[in-house]
**Q** 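Please see the structure below; I have some questions.
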Amino acid sequence: MAQLFYDSDADLSLLQDKTVAIIGYGSQGHAHALNLKDSGIDVVVGLYEGSRSADKASKDGLEVLNVANASAKADWIMVLLPDEFQKDVYEREIAQHLSPGKVLSFAHGFNIRFGLIKPPAFVDVVMIAPKGPGHTVRWEYQNGQGVPALFAIEQDSSGQARKLAMAYAKGIGGTRAGILETNFKEETETDLFGEQAVLCGGLSELVKAGFETLVDAGYQPELAYFECLHEVKLIVDLMVKGGLTAMRDSISNTAEYGDYVSGPRLITSDTKAEMRKILSDIQDGTFANNFVAECEAGKPEMKKCRDRDASLPIEKVGKSLRSMFSWLKTN
Ligand code: NAD
Ligand code: MG
């Protein structure tokens, strides 16, 4: 079993004399900046001129600079921009402000793993990647808890990189829940695979196909929505809390029997063979090249898919049903 590290394993005082620049103030950026600040660390936020997030960061009590000035001022530069903008911003506004002893860090390994960003040898390059959305990272911290995180060392110029990365993970609350060491290659490849094969790609298509099968067979779309989308959360919550076994303890015996006999009819050796192809496209850089090309072209395919899926019957039915859920309104 891999070892997890907790609060007592990490030394926050290593960051006491450092200024951390958080580049980007979105989902992860706001959470890292505010958690570090509440942990007693000096934080500045780096944003492009005219960013809509600037007001928000100032109101949250943070110093806001442009990306170049934040990078110049800081000892530690955490890049929390969308992956597709990181290379450009790094080359234009960050690279020239790196100097020996500084730390360059990321929350996902994409740009380093696929060679889009090539940092100089005289900086430490590390990753601290919370395994949850930024709003949860902030919310848990404020409640005295934390979101588990991965950490990784790509370059250790100072000889301190590992201790520093663990200290940062403590500063954002990660060591309250446990942090696990990985490397940029493993984090990037497993993260991309998980979101494509299971979490986003696999699940969205499964939900859509189930809904369409019921509706095409003449059943009411509202029922199909409840069965194939709404109840996903109930099952996933059970799985997250107690694994497959606890989930199967909670569902009826009828559901459990159906699970065993029908699940393997859907996820077959063909599905697994395709999963291996998806993984190999990730590993050999095919997926990364395609994504970079799509972004450079202005994301035409993504826009097409977004529009297509936004107009699906499941989205229309869902919208009207959800508008009646009182528990969603109060949230
Ligand atoms: P986001 O889209 O929520 O926020 C990005 C921020 O960057 C925004 O403040 C935006 O205004 C700013 N920005 C965009 N273009 C810019 C530019 N050219 N110059 C300066 N600022 C610019 O991004 P996010 O989801 O927080 O992702 C940031 C990083 O964290 C990514 O590497 C992502 O893979 C990683 N990550 C995200 C999550 C998540 O749940 N969202 C979880 C773990 C890791
Ligand atoms: Mg992920």
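If you read the sequence from its start, that first residue is 1, and numbering goes on from there. From a predicted model like this one, the values you see are computed outputs, not experimental measurements.
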**Q** Grab the two heavy atoms, one from Cys228 and one from Gly210, that are nearest each other, plus how far apart they are.
**A**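 Looking at all heavy atoms of both residues, the shortest contact is SG-C, 3.6 Å.
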**Q** Specify the closest pair of heavy atoms between Pro148 and Ala177, including all atoms of both residues, with the distance to one decimal.
**A**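 Heavy-atom minimum between the residues: N-CB, 3.5 Å.
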**Q** Which atom names give the shortest non-hydrogen contact between Leu81 and Gly24, and what distance separates them?
**A**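 Minimum heavy-atom contact is CD2-CA, 3.8 Å.
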**Q** Members other than Ile251 in its cluster, when Ile, Leu, Val, Met, Phe, Trp, Tyr link by side-chain heavy atoms under 4.5 Å?
**A**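 Ile235, Leu238, Met239, Leu244, Met247, which link up through side-chain heavy atoms under 4.5 Å apart, make up the rest of the cluster.
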**Q** Looking only at heavy atoms, what is the nearest atom pair of Lys118 and Tyr90, with distance?
**A**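 Where Lys118 meets Tyr90 most closely, the heavy atoms are O-OH, 3.9 Å.
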**Q** Measure the spacing between NZ of Lys56 and CG of Leu62 and express it to the nearest 0.5 Å.
**A**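 Reported value, rounded in 0.5 Å steps: 9.5 Å.
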**Q** Kindly indicate whether the side chain of Leu150, heavy atoms from C-beta on, has any atom under 4.5 Å from the side chain of Met127.
**A**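 Leu150 does not reach Met127 side chain to side chain.
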**Q** Test your reading of the model: is there a side-chain donor-acceptor pair from Ser252 to the backbone of Ala255, 3.5 Å cut-off?
**A**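 Yes, because the side chain of Ser252 sits within donor-acceptor range (under 3.5 Å) of the backbone of Ala255.
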**Q** From Ile267 CD1 over to Arg265 CZ, what is the distance, rounded to the nearest 0.5 angstrom?
**A**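 Here the rounded value is 13.0 Å.
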**Q** Decide yes or no for Asn66 and Asn69: does some side-chain heavy atom of the first lie under 4.5 Å from some side-chain heavy atom of the second?
**A**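 SC-SC contact between Asn66 and Asn69 confirmed.
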**Q** For Thr271, check side chain to side chain donor-acceptor pair (under 3.5 Å) against everything at least two apart and list the hits.
**A**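 Here the qualifying residues are Thr268.
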**Q** Determine which pairs satisfy ring pair (Phe, Tyr, Trp, His ring centres under 6.0 Å) with at least one residue from residues 249-290, sequence neighbours left out, and list them in order.
**A**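 Listed by first then second residue: nothing to list.
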**Q** Would you call Arg92 and Asp88 a salt bridge, using N to O less than 4.0 angstrom?
**A**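 The answer is yes: the pair qualifies as a salt bridge.
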**Q** Determine whether Met166 and Thr175 make a side-chain contact, defined as any pair of heavy atoms from C-beta on separated by less than 4.5 Å.
**A**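 A side-chain contact under 4.5 Å is absent here.
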**Q** Drop me the distance from Leu214's CG to Ile314's CD1, to the nearest 0.5 angstrom.
**A**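 Between atom CG of Leu214 and atom CD1 of Ile314 there are 10.0 Å.
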**Q** Under 4.0 Å between a Lys/Arg side-chain N and an Asp/Glu carboxylate O for Lys299 and Glu84?
**A**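 Looking at Glu84 together with Lys299, the answer is yes, because their closest N to O distance falls below 4.0 Å.
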**Q** If you compare all heavy atoms of Ala70 against all heavy atoms of Gly46, which two are closest, and at what distance to 0.1 Å?
**A**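 Shortest heavy-atom contact: CB-CA, 3.7 Å.
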**Q** Are side-chain heavy atoms of Leu116 and Gln86 found at a separation under 4.5 Å?
**A**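 Leu116 vs Gln86: side chains apart.
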**Q** Can you tell me if Tyr225 and Arg322 form a side-chain donor-acceptor pair at under 3.5 Å?
**A**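 There is such a pair (donor and acceptor under 3.5 Å, judged by atom type) between the side chains of Tyr225 and Arg322.
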**Q** I want to check something: taking the side chain as every heavy atom from C-beta on, are Lys316 and Pro313 in contact at a cut-off of under 4.5 Å?
**A**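 Of all side-chain heavy-atom pairs linking Pro313 with Lys316, none is under 4.5 Å.
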**Q** So, are Asp237 and Lys233 salt-bridged, with charged N and O less than 4.0 Å apart?
**A**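 Between Lys233 and Asp237 there is a salt bridge, with a charged N closer than 4.0 Å to a carboxylate O.
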**Q** May I ask you to decide if Lys185's main-chain N or O and Thr188's side chain share a donor-acceptor pair within less than 3.5 Å?
**A**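 Checked: no pair found.
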**Q** Could you tell me whether Arg248 and Asp259 have a side-chain N and a carboxylate O separated by less than 4.0 Å?
**A**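 A salt bridge links Arg248 with Asp259.
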**Q** Is there a side-chain contact between Ser157 and Val125 in this structure, where contact means two heavy atoms from C-beta onward sitting under 4.5 Å apart?
**A**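 Not touching, per the 4.5 Å side-chain cut-off.
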**Q** On the six-membered ring of Tyr6, is Arg176 placed so that its NZ or CZ lies under 6.0 angstrom from the centre and within 45° of the ring axis?
**A**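 That pair does not qualify as a cation-pi contact.
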**Q** Is the closest side-chain donor-acceptor distance between Trp76 and Thr19 under 3.5 Å?
**A**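 Side chains of Trp76 and Thr19: no pair found under 3.5 Å.
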**Q** Going through the checks in order, is the side chain to side chain contact (heavy atoms under 4.5 Å, CB included) test met by Ile22 and Val43?
**A** CA-CA 7 Å; Ile22 301 294; Val43 174; 3.9 Å; yes
**Q** Could you tell me whether the side chain of Gln283 and the main chain of Glu189 form a donor-acceptor pair under 3.5 Å?
**A**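 Checking the backbone N and O of Glu189 against the side chain of Gln283, no donor-acceptor pair under 3.5 Å is found.
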**Q** Could you give the distance from OG (Ser13) to NZ (Lys18), rounded to the nearest 0.5 Å?
**A**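 One gets 11.0 Å once the value is rounded to the nearest 0.5 Å.
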**Q** Quickly, which of Val103, Leu98, Val123 forms a side-chain contact (heavy atoms from CB on, under 4.5 Å) with Ile77? Name it, please.
**A**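 Answer after filtering Val103, Leu98, Val123: Leu98.
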**Q** Show your working on side chain to side chain contact (heavy atoms under 4.5 Å, CB included) between Ser105 and Val79 and close with a plain yes or no.
**A** CA-CA 6 Å; Ser105 69; Val79 182; over 6 Å; no
**Q** Tell me every residue that passes ring-ring contact (aromatic ring centres under 6.0 Å, His included) with Phe226, counting only those two or more places apart in sequence or in another chain.
**A**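 So Phe226 forms a ring-ring contact (aromatic ring centres under 6.0 Å, His included) with His230.
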**Q** Looking at Tyr141, is its backbone amide N or carbonyl O close enough to the side chain of Asn35 to form a donor-acceptor pair, meaning the two atoms are under 3.5 Å apart?
**A**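 Not a single qualifying donor-acceptor pair exists.
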**Q** Among pairs that include at least one residue of residues 211-228, which meet salt bridge (Lys or Arg N to Asp or Glu O under 4.0 Å), considering only residues two or more places apart or in two chains?
**A**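 Of all non-adjacent pairs touching residues 211-228, none passes salt bridge (Lys or Arg N to Asp or Glu O under 4.0 Å).
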**Q** With sequence neighbours excluded, what pairs up with Lys303 under the side chain to side chain donor-acceptor pair (under 3.5 Å) test?
**A**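 Result, side chain to side chain donor-acceptor pair (under 3.5 Å) vs Lys303: none returned.
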**Q** Check this for me: does any side-chain nitrogen of one of Lys87 and Glu91 sit under 4.0 Å from a carboxylate oxygen of the other?
**A**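 Counted as a salt bridge, because a side-chain N and a carboxylate O are separated by less than 4.0 Å.
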**Q** Would you give the length of the straight line joining atom CG of Asp11 to atom CG of Asp9, rounded to the nearest 0.5 angstrom?
**A**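 Answer rounded to 0.5 Å: 11.0 Å.
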**Q** Do any side-chain atoms of residues 200-207 form donor-acceptor pairs under 3.5 angstrom with protein atoms, and if so which ones, sequence neighbours left out?
**A**
residue : atom : partner : partner atom : Å
Ser204  : OG   : Cys200  : O            : 2.6
Glu205  : OE2  : Lys208  : NZ           : 2.9

**Q** For Gln155 and Asp124, which I'm curious about, is there any donor-acceptor pair between the side chains at under 3.5 Å?
**A**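 No, no side-chain donor-acceptor contact under 3.5 Å.
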**Q** Got a sec, which residues hit side chain to side chain donor-acceptor pair (under 3.5 Å) with Asp156, two or more places apart in sequence or on another chain?
**A**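 Applying side chain to side chain donor-acceptor pair (under 3.5 Å) to Asp156 gives none.
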**Q** Answer yes when Glu181 and Arg162 have at least one side-chain N-carboxylate O distance shorter than 4.0 Å, and no when they do not.
**A**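 Arg162 and Glu181: salt-bridged.
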**Q** Using a strict threshold of under 4.0 Å (side-chain N to carboxylate O), is an ion pair present between Arg138 and Asp38?
**A**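 Here Asp38 pairs with Arg138 in a salt bridge, since their nearest N and O are under 4.0 Å apart.
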**Q** Let me check something: any side-chain donor-acceptor pairs from residues 167-174 under 3.5 Å, sequence neighbours excluded? List them with distances.
**A**
residue : atom : partner : partner atom : Å
Tyr168  : OH   : His32   : ND1          : 2.8
Lys170  : NZ   : Asp7    : O            : 3.0
Lys170  : NZ   : Ala10   : O            : 3.0

**Q** Do the charged groups of Asp191 and Lys131 touch, with an N to O distance under 4.0 Å?
**A**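 Judged by the 4.0 Å cut-off on N to carboxylate O distance, Asp191 and Lys131 do form a salt bridge.
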**Q** Are any non-hydrogen side-chain atoms of Ser53 and Leu47 less than 4.5 angstrom apart?
**A**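 Of all side-chain heavy-atom pairs linking Leu47 with Ser53, at least one is under 4.5 Å.
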**Q** Report the residues that fulfil side chain to side chain donor-acceptor pair (under 3.5 Å) with Ser262, sequence neighbours left out, ordered by chain and then residue number.
**A**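 Per chain and number, Ser262 pairs via side chain to side chain donor-acceptor pair (under 3.5 Å) with no residue.
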**Q** Please examine the side chains of Leu180 and Phe5, heavy atoms only from C-beta on, and report whether any two atoms are closer than 4.5 Å.
**A**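 No, their side chains stay 4.5 Å or more apart.
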**Q** If you count the non-hydrogen atoms of other residues, nucleotides and ligands that lie under 6.0 Å from CZ in Arg52, is the total more than 12?
**A**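 Open.
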**Q** Just to verify, what does Glu186 make a salt bridge (Lys or Arg N to Asp or Glu O under 4.0 Å) with, not counting sequence neighbours?
**A**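 Result, salt bridge (Lys or Arg N to Asp or Glu O under 4.0 Å) vs Glu186: none returned.
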**Q** Grab the two heavy atoms, one from Val67 and one from Glu93, that are nearest each other, plus how far apart they are.
**A**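 Nearest pair, atom of Val67 first, then Glu93: CB-OE1, 3.6 Å.
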**Q** How long is the straight-line distance from CD of Glu187 back to CG of Leu192, given to the nearest 0.5 Å?
**A**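 The CD atom of Glu187 is 8.0 Å from CG of Leu192, to the nearest 0.5 Å.
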**Q** For Lys73 and Glu63, run salt bridge (charged side-chain N to carboxylate O under 4.0 Å, His left out): C-alpha distance rounded to whole Å, both residues' side-chain angles, the deciding distance at 0.1 Å, then the answer.
**A** CA-CA 11 Å; Lys73 179 168 181 175; Glu63 182 184 357; 3.0 Å; yes
**Q** Check the surroundings of atom CZ in Phe122: do more than 12 heavy atoms from other residues, nucleotides or ligands lie under 6.0 Å from it?
**A**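 Check passes, neighbour count above 12.
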**Q** Can you pull out every ring pair (Phe, Tyr, Trp, His ring centres under 6.0 Å) where at least one residue sits in residues 181-217? Sequence neighbours excluded, please.
**A**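 The answer is none; no pair qualifies.
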